[in-house]
Novice: 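Structure provided below as structure tokens; questions to follow.
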Amino acid sequence: MNAFTFSVNISYQAYLNHYSGAASSVVVITDNGIRLQLPASRFRPFLSQIGVKGRFRVEVNAQNKIENIYQIS
């Protein structure tokens, strides 16, 4: 299993645009410079009144399917 860490800073309104279908994915750059495209819906549990902000860790399996996303700070 591979794991990647990255920061996210998406305003509440921008996230709603993503989640409502305007864009179905979020592109992030990991700490090692790898570009990941993740489904916006996976960040729903982390949405607050200010949006989605913080440091995250995503774990993917050998087929590059998301196993877990954790907020680490």
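Owing to the predicted nature of the structure, the values given are computational and were not obtained by experimental measurement.
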Novice: Would you say V8 and Y70 are hydrophobically clustered, going by side-chain heavy atoms of ILVMFWY under 4.5 Å?
Specialist: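 As far as the 4.5 Å side-chain criterion goes, Y70 and V8 are not connected within one cluster.
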Novice: Enter the distance from Q49:CD to S11:OG here, rounded to the nearest 0.5 Å.
Specialist: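 The distance works out to 13.5 Å.
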Novice: Can you name the residues that form a ring-ring contact (aromatic ring centres under 6.0 Å, His included) with F56, not counting sequence neighbours?
Specialist: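 Partners of F56 under the ring-ring contact (aromatic ring centres under 6.0 Å, His included) test: F43, F46.
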Novice: Checking Q71 side chain against K53 main chain: does a donor-acceptor pair fall under 3.5 Å?
Specialist: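 Confirmed, Q71 side chain pairs with K53 backbone.
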Novice: Could I get the full list of side chain to side chain donor-acceptor pair (under 3.5 Å) partners for S7, not counting sequence neighbours?
Specialist: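 Side chain to side chain donor-acceptor pair (under 3.5 Å) check on S7 returns R55.
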Novice: Dump the intermediate steps for side chain to side chain contact (heavy atoms under 4.5 Å, CB included) on V27 and R35, then the final yes or no.
Specialist: CA-CA 7 Å; V27 176; R35 183 180 167 163; 3.3 Å; yes
Novice: Can you measure from CD1 (I10) to CG (L47) and round to the nearest 0.5 angstrom?
Specialist: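 Here the interatomic distance stands at 9.5 Å.
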Novice: Please tell me whether V60 and I29 are part of a single hydrophobic cluster in this structure, the criterion being side-chain heavy atoms less than 4.5 Å apart.
Specialist: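 No, V60 does not connect to I29 through the hydrophobic network.
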Novice: Less than 4.5 Å apart, any side-chain heavy atom of Y12 and any of I50?
Specialist: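 Sidechains of I50 and Y12: no contact.
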Novice: How long is the straight-line distance from CG of N61 back to CG of N68, given to the nearest 0.5 Å?
Specialist: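 Those atoms lie 10.5 Å apart.
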Novice: Is E59 salt-bridged to R57, cutoff N-O under 4.0 Å?
Specialist: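 A salt bridge links E59 with R57.
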Novice: Using the ring-ring contact (aromatic ring centres under 6.0 Å, His included) criterion, which residues pair with F6? Sequence neighbours excluded.
Specialist: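 Counting only residues at least two positions away or on another chain, F6 forms no ring-ring contact (aromatic ring centres under 6.0 Å, His included).
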Novice: Please give me the minimum heavy-atom distance between R42 and I69, naming the atom from each residue.
Specialist: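 Scanning both residues, the minimum pair turns out to be CB-CD1, 3.6 Å.
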Novice: Donor-acceptor pair, Y15 side chain versus R44 backbone, under 3.5 Å?
Specialist: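 Yes, the answer is positive, given that a donor and an acceptor are paired below the 3.5 Å cut-off.
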Novice: Would you check if I66 and L38 make a side-chain contact, meaning some heavy-atom pair closer than 4.5 Å?
Specialist: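 Contact flag for I66/L38 side chains = yes.
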Novice: Taking all atoms of both residues into account, what is the closest heavy-atom pair of S41 and P45, and its distance?
Specialist: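 Looks like O-CD, 4.1 Å.
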